[in-house]
Amino acid sequence: MTDNLELWNKVEKTNPNYTKDANVKGNKITSIAPQFQILNATEHFGVYGVSWGFKDIEIDYTLVPVCGLIYWKAIFFFPKGEFPATNSISIWRDGAMTKADDQFAKKVETDSLTKCLSKLGFNADIFLGKFDDPRYVNDVKKEFAPKEKLTDERFKDAMEKLKNKTVTKAIILAFDLTEEQKQQVNNNK
């Protein structure tokens, strides 16, 4: 039996260092750095454009004269499947429709990427509203905080405490250890 939530569980939590508060048309949201999303997806899927991304991108301009919108559609693909992606965006930077947005194509593709990745569970904590809870954000900040490195002297002391059973392996492994240090901890009986 397969675990349908395996990928979701791996990618649902968002590192707060790659988020910022934003105001979109009067709505306060938490936005995610797109490059972080690409990094995260690349870690799980492989190289963008090769094993995941968009294909068959089409931009439809028929709504421009009516309401200043372009319609964007593509196929989002990833190692275990693909699905259609659709989106729209204004070609104007201002409400008076006097300043054309020369970045509209990039923006609609980036927004679509965020939406497609969210369907697979990436950054689900944001889309589930968990970033609206300061306690949750505080906990996630702690989880993603850089781990402290142990000097050789402190590592030697920790290993002595492990032998004397005054600390556990888990406590030592919570530090940022070298591969050699990890082996020493795991080989300690």
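In this chain, residues are counted from 1 in sequence order.
Rounding to the nearest 0.5 Å places OG1 of Thr86 at 11.0 Å from NZ of Lys115. Taken to the nearest 0.5 Å, the CD1 atom of Ile32 stands 12.0 Å off from the NZ atom of Lys20. Between the CD atom of Gln181 and the CG atom of Asp176 there is a distance of 8.5 Å, given to the nearest 0.5 Å.
Here Lys10 pairs with Glu6 under the side chain to side chain donor-acceptor pair (under 3.5 Å) rule; sequence neighbours left out. Listed by chain and number, the residues in a ring-ring contact (aromatic ring centres under 6.0 Å, His included) with Phe175 amount to none (sequence neighbours excluded). Applying the salt bridge (charged side-chain N to carboxylate O under 4.0 Å, His left out) test to Asp21 and every residue at least two apart in sequence or in another chain returns nothing. For Asp133, the salt bridge (charged side-chain N to carboxylate O under 4.0 Å, His left out) criterion is met by Arg135, not counting sequence neighbours. Applying the salt bridge (charged side-chain N to carboxylate O under 4.0 Å, His left out) test to Lys13 and every residue at least two apart in sequence or in another chain returns Glu143. Contacts of Thr98 classified as side chain to side chain donor-acceptor pair (under 3.5 Å), with partners at least two apart in sequence or in another chain: Asp94.
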Check residues 46-54 and write down every donor-acceptor pair under 3.5 Å in which the side-chain atom is one partner and the other belongs to a residue at least two apart or another chain.
residue : atom : partner : partner atom : Å
Tyr48   : OH   : Glu109  : OE2          : 3.4
Ser51   : OG   : Phe45   : O            : 2.6
Ser51   : OG   : Val47   : N            : 3.4
Ser51   : OG   : Val47   : O            : 3.4
Trp52   : NE1  : Gly46   : O            : 2.9

Less than 3.5 Å apart, which donor and acceptor atoms pair up between the side chains of residues 154-163 and the rest of the protein, not counting sequence neighbours?
residue : atom : partner : partner atom : Å
Arg154  : NH1  : Glu148  : OE2          : 2.3

Tabulate below the donor-acceptor pairs under 3.5 Å that side-chain atoms of residues 66-84 make, not counting sequence neighbours, or state none.
residue : atom : partner : partner atom : Å
Glu82   : OE1  : Lys55   : NZ           : 2.8

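In the model, Thr62 has a side-chain atom that pairs as donor or acceptor with a side-chain atom of Asp60 under 3.5 Å. At a cut-off of 3.5 Å, with distance as the only test, a side-chain donor of Asn123 or Gln37 sits close to an acceptor on the other residue.
The hydrophobic cluster containing Ile89 also contains Trp92, counting ILVMFWY residues as joined when their side-chain heavy atoms lie under 4.5 angstrom apart, directly or transitively. No chain of hydrophobic side-chain contacts below 4.5 Å, direct or via other Ile, Leu, Val, Met, Phe, Trp or Tyr residues, connects Phe131 to Leu117. Residues Leu113 and Leu120 share a single hydrophobic cluster, defined by chaining ILVMFWY side chains whose heavy atoms lie under 4.5 Å apart. Hydrophobic clustering of Ile, Leu, Val, Met, Phe, Trp and Tyr side chains at less than 4.5 Å, counting indirect connections, unites Phe104 with Val64. The cluster map of Ile, Leu, Val, Met, Phe, Trp and Tyr, joined by side-chain heavy atoms under 4.5 Å apart, puts Ile29 and Val137 in different clusters.
The environment of Asp152 atom CG is sparse: at most 12 non-hydrogen atoms of other residues, nucleotides or ligands sit within 6.0 angstrom.
Counting all heavy atoms, side chain and backbone alike, Asn87 lies closest to Ser112 at ND2-OG, 3.1 Å. Listed here is the closest heavy atom pair of Val140 and Thr14: CG1-O, 3.1 Å.
In terms of modelled atom types and a separation under 3.5 Å, the side chain of Asn187 and the main chain of Gln183 share a donor-acceptor contact. For Thr19 (side chain) and Pro16 (main-chain N/O), a donor-acceptor pair under 3.5 Å exists by modelled atom type.
Lys107 places none of its side-chain heavy atoms less than 4.5 Å from the side chain of Asp111. Ile172 is listed as a side-chain neighbour of Leu177, based on a closest heavy-atom distance under 4.5 Å. Looking at heavy atoms from C-beta onward, Phe144 lies out of side-chain contact with Asp139 at the 4.5 angstrom threshold.
Through direct or indirect side-chain contacts shorter than 4.5 Å among Ile, Leu, Val, Met, Phe, Trp and Tyr, Leu5 is connected to Trp8.
For residues 22-36, no residue pair satisfies the side chain to side chain donor-acceptor pair (under 3.5 Å) rule, not counting sequence neighbours. Evaluation of the ring-ring contact (aromatic ring centres under 6.0 Å, His included) test over residues 9-29, restricted to residues two or more places apart or in two chains, returns Tyr18-Phe36.
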